[in-house]
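Everything below concerns the one structure shown next.
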Amino acid sequence: MEDLMMFLIFAICDLMVVLLCRYAFGKRDAYSEGMLLGVHIPAGCLEHPEVEQLRRKSSRSWNMFQWINLAVSLLICFFCFYDFILFIIIWTIWLAEYILVLYYLIISSHRQMYRLKIKNGWVIEENKRIIRIDTAVSSAAGKLAPGWKWHLPILILSAASVFLLLIMNRRDDLSFDSSISIWTLYAVGVGICLLFMATHIAVIHAPNRVYSKNTEVNFSANQLSKRSWSTGLLLASWLNGAAWIYLAISYCVSGVNLPFLCYVVYGILITLEAVALLIPVGYALKKRQTILDSDTEPYYVDDDEYWKKGWYNNPDDRRILVPNRFNRTKYAFNFGRPGARAFIIILTAAILVLVIWVFCMLADLINAEVVFTADQQTFSFEAAGYDCEFDLDEIRSVDLIDALPDDSFTRTNGGSTEKVNIGYFRGKETGECMMFLYNDSTPVLEIRLEDTTVFANSTDSNVTEEWYDVLESALQ
């Protein structure tokens with residue numbers, strides 16, 4: 001059941017990642033807002049042989065890349081049924097490949113288009129480095145989107161769920177690792193509501209864009225964009241809060257070992273959260289394009305020289321974030337600002353450290369070796385970075401059993417592969433326990449301590465029996 005659940009979760013995730021990226025970057029070979037492949041060129045140049053050739057080549061490469069990666073990502077998910085650790089490694093490599101090649105295709109075609117523009121002199125000097133402000137639209141900023149204060153009720157309710165967790169923690173006397181997991185979910189639930197509210201505030205106060213010499217077109221396009229983003233953020237915030245509150249209530253009622261159905265409901269609410277954010281934004285992009293396409297007085301600023309490398313670099317622009325030329329649903333960093341460069345360096349370093357740490361953890365699990373040590377009155381088990389040390393007077397009983405008890409165990413902090421189960425677990429009847437187990441090896445050493453139970457074994461049954469003899473002798 002767990003393998004099937006992981007397969008479905010990652011398959012849906014891959015489907016959403018590929019299709020959303022394909023949708024978010026839009027029809028790159030379409031002429032929109034005076035640009036083709038992110039480069040401003042006159043509409044009359046679209047029939048140029050080199051432009052047409054580049055457009056067809058870019059479109060073919062883009063579509064092929066997306067469909068191949070969608071198929072590969074779904075096939076990779078079948079590794080869940082073979083070895084989950086191996087699946088995570090392969091899936092991470094695929095995701096890195098997808099992101100890097102996606103941006104390569106975008107930047108490469110953009111640079112080729114920009115070189116073609118410069119070579120043919122398709123530069124409109126009067127449109128370069130001009131900043132235009134539509135004062136009528138700016139004065140109506142407060143009417144363009146619903147207020148951010150509608151986030152406050154769900155944010156307050158989500159934050160107040162802390163009392164449910166305190167009640168559960170006091171009642172169930174949770175282990176440290178279980179508490180960390182639940183409090184992390186609480187922080188994420190409340191944090192996302194805060195993030196959506198902050199983004200809503202930023203959307204409201206973001207400068208209005210000037211698309212046309214016609215004020216009505218500017219007003220309609222900006223209103224549509226800001227209202228859709230604000231509405232999507234509000235809906236997503238409420239669904240995110242509802243998902244977390246439902247989970248908190250479930251924890252308070254059922255304890256840390258929730259029924260599978262609870263996670264299904266939580267997953268559905270989180271999925272609806274993403275849908276609620278994307279549908280209004282997608283509708284707005286399509287509707288806005290219809291408005292701009294019907295405009296008879298379009299206005300474009302040719303700032304291509306700041307995007308010629310495939311990213312925005314303008315030291316004279318004080319903004320750190322600017323609207324992304326290749327994806328109208330998000331913003332891009334201004335690499336001309338020292339603050340943006342510093343942030344990117346720190347973020348990249350943090351991601352690399354995290355990836356290296358995860359791979360080290362996975363490598364430890366793949367090559368896990370259970371080690372038992374006995375030092376007079378102190379004993380310990382260690383494997384894959386997890387350890388359990390206990391004194392002789394903590395031991396209540398030691399038994400050698402043929403298999404784990406017939407119980408339902410939930411991993412709270414640890415790792416599991418086809419070969420091993422290592423870390424912190426909780427059984428419905430056994431309660432808190434630690435496992436240092438090779439799944440296909442018997443017998444199993446069961447050590448009952450004051451506040452937990454330890455299950456351990458070796459790949460060699462004789463070694464497991466030797467551990468049992470050492471502990472049994474110490475107790476006598």
Side-chain angles (χ1 to χ4, degrees), residues 16 19-21 23-27 30 32-35 131-158 192-243 269-301 319 321-332:
M16 291 180 64
L19 294 182
L20 287 176
C21 284
Y23 170 78
F25 287 98
K27 297 181 179 179
S32 175
E33 299 183 33
M35 291 186 292
I131 299 176
R132 179 171 173 142
I133 299 175
D134 192 328
T135 55
V137 177
S138 299
S139 64
K143 302 177 183 178
L144 298 180
W148 62 268
K149 293 182 180 179
W150 289 104
H151 288 268
L152 292 177
I154 192 61
L155 177 60
I156 292 171
L157 289 172
S158 299
I192 289 177
C193 285
L194 277 171
L195 176 63
F196 285 156
M197 185 176 74
T199 306
H200 190 153
I201 295 172
V203 166
I204 292 175
H205 292 92
N208 294 313
R209 293 185 61 188
V210 178
Y211 300 93
S212 169
K213 298 174 184 178
N214 187 328
T215 296
E216 291 184 4
V217 170
N218 291 328
F219 184 87
S220 297
N222 281 283
Q223 183 184 58
L224 184 64
S225 179
K226 291 196 172 187
R227 279 191 176 178
S228 62
W229 269 104
S230 299
T231 302
L233 288 165
L234 271 173
L235 291 173
S237 182
W238 276 84
L239 284 167
N240 175 77
L269 289 172
I270 292 298
T271 302
L272 290 175
E273 172 190 338
V275 172
L277 177 59
L278 293 173
I279 286 181
V281 174
Y283 168 78
L285 288 174
K286 185 176 181 179
K287 185 68 174 178
R288 187 189 68 179
Q289 193 59 49
T290 302
I291 294 173
L292 298 180
D293 288 344
S294 63
D295 181 28
T296 58
E297 299 179 287
Y299 177 82
Y300 305 124
V301 175
R319 295 175 298 172
L321 290 172
V322 297
N324 194 308
R325 171 164 293 189
F326 309 109
N327 181 354
R328 295 300 186 184
T329 65
K330 67 188 188 75
Y331 284 78

Between Ser158 and Ile154, is there a donor-acceptor pair closer than 3.5 Å when you use the side chain of the first and the backbone of the second?
yes
Between Val203 and Trp229, which heavy-atom pair has the shortest distance, and what is it?
CG1-CB, 4.0 Å
For Asn240 and Cys193, which heavy atoms make the closest approach, and how far apart are they?
ND2-SG, 3.3 Å
Could you walk me through whether Leu234 and His151 satisfy the side chain to side chain contact (heavy atoms under 4.5 Å, CB included) test, starting with their C-alpha distance in whole Å, then the side-chain angles of each, then the deciding distance to 0.1 Å, before giving a yes or no?
CA-CA 6 Å; Leu234 271 173; His151 288 268; 3.5 Å; yes
What heavy-atom pair brings Trp150 and Trp238 nearest, and what distance separates the two atoms?
O-NE1, 3.1 Å
Under the side-chain contact (heavy atoms from CB on, under 4.5 Å) test, which residues partner Ala242, sequence neighbours left out?
none
Identify the two heavy atoms, one from Phe196 and one from Ala236, that lie closest to each other, and give their separation to 0.1 Å.
CE1-CB, 3.7 Å
To check you understand the geometry: which heavy-atom pair defines the closest contact between Ala243 and Ile270, and what is its length?
CB-CD1, 3.9 Å
Check residues 272-284 and write down every donor-acceptor pair under 3.5 Å in which the side-chain atom is one partner and the other belongs to a residue at least two apart or another chain.
none

